[in-house]
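Each chain gets a letter, A, B and so on, in the order the sequences are listed, and its residues count up from 1. As the structure is a computational prediction, the values presented were derived from the model and not from experiment.
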Amino acid sequence: GAGVSQSPSNKVTEKGKDVELRCDPISGHTALYWYRQSLGQGLEFLIYFQGNSAPDKSGLPSDRFSAERTGGSVSTLTIQRTQQEDSAVYLCASSPRLWETQYFGPGTRLLVL
Amino acid sequence: QKEVEQNSGPLSVPEGAIASLNCTYSDRVSQSFFWYRQYSGKSPELIMSIYSNGDKEDGRFTAQLNKASQYVSLLIRDSQPSDSATYLCAVNTRDDKIIFGKGTRLHILP
């Protein structure tokens with residue numbers, strides 16, 4: 001079956017602009033996760049969803065970051081007023097149930113100029 | 001103490017030899033352990049999961065878990081150049097999250 005998909009695959013934006021990143025999880029997976037990976041660095045956990053609910057938003061780097069999930073499927077990660085330090089690969093993963101094996105999407109490479 | 005620790009490497013292993021990757025974790029109540037492989041510029045992909053003490057084998061890969069020592073390892077037998085990648089260890093925590101280590105870079109020498 002289809003894996004996790006993310007769009008866009010690459011995004012170049014100017015400092016101060018808002019960006020929206022999309023994740024389409026594997027069908028039937030109830031849990032969805034967002035991570036950030038800067039060049040040569042490990043995975044930085046951002047937020048997870050159980051269904052449409054995000055119980056813990058403490059991993060988001062700042063209040064410029066927000067995420068939502070609707071219909072228990074597609075999720076969007078929004079970064080407002082982007083800064084250069086936001087440049088990274090944003091990875092989405094899903095799992096059948098919360099904290100089970102996660103399957104990753106191809107990522108969105110964000111570059112803020 | 002970091003929650004999940006891995007040697008960053010690079011770990012260089014001759015082709016055909018056994019590559020041994022190690023991971024230690026701090027939370028004694030952790031129950032789920034995962035090894036992911038990440039090629040440069042690609043997303044992580046699951047190699048093995050292990051939940052109980054001992055060894056779990058899958059083809060050329062063996063995961064070893066020792067909860068008493070809070071240690072999980074991944075052995076790769078008959079290493080191939082295609083095994084060259086960064087290997088990420090992931091562990092669940094007492095507050096029911098999964099934390100990833102920063103990864104070990106493995107380089108298989110032809």
Q: Just how far is it from atom CD of A:Glu100 to atom CD1 of B:Ile98, taken to the nearest 0.5 Å?
A: 9.5 Å

Q: Consider only side-chain heavy atoms of I, L, V, M, F, W and Y, link residues closer than 4.5 Å, and tell whether A:Leu98 and B:Leu46 are in one cluster.
A: yes

Q: With rounding to the nearest 0.5 Å, note down the distance linking CZ in A:Phe104 to OH in B:Tyr36.
A: 5.5 Å

Q: Are B:Leu75 and B:Trp35 linked, directly or through intermediate hydrophobic residues, by side-chain heavy-atom contacts shorter than 4.5 Å (ILVMFWY only)?
A: no

Q: Below 4.5 Å, heavy-atom pairs only: which of B:Ser40, B:Ser8, B:Gly101, B:Pro44 has the largest tally toward chain A?
A: B:Pro44

Q: B:Glu45 versus chain A, heavy atoms under 4.5 Å apart: side chain, backbone, both or neither?
A: neither

Q: Are A:Val4 and B:Phe100 linked, directly or through intermediate hydrophobic residues, by side-chain heavy-atom contacts shorter than 4.5 Å (ILVMFWY only)?
A: no

Q: Kindly compute the distance separating CD (A:Gln37) from OG (B:Ser43), expressed to the nearest 0.5 Å.
A: 8.5 Å

Q: So if you build clusters from Ile, Leu, Val, Met, Phe, Trp, Tyr with side-chain heavy-atom gaps below 4.5 Å, do A:Tyr90 and A:Leu43 land together?
A: no

Q: Chain A heavy atoms under 4.5 Å from B:Phe33: which part of the residue, side chain, backbone, both or neither?
A: neither

Q: For A:Glu85, look at atom CD and say whether over 12 heavy atoms of other residues, nucleotides or ligands are found less than 6.0 Å away.
A: yes

Q: Shared ILVMFWY cluster between B:Val4 and B:Leu11, side chains joined below 4.5 angstrom?
A: yes

Q: By a 4.5 Å heavy-atom criterion (distance strictly below it), what part of A:Tyr33 contacts chain B: side chain, backbone, both, or neither?
A: neither

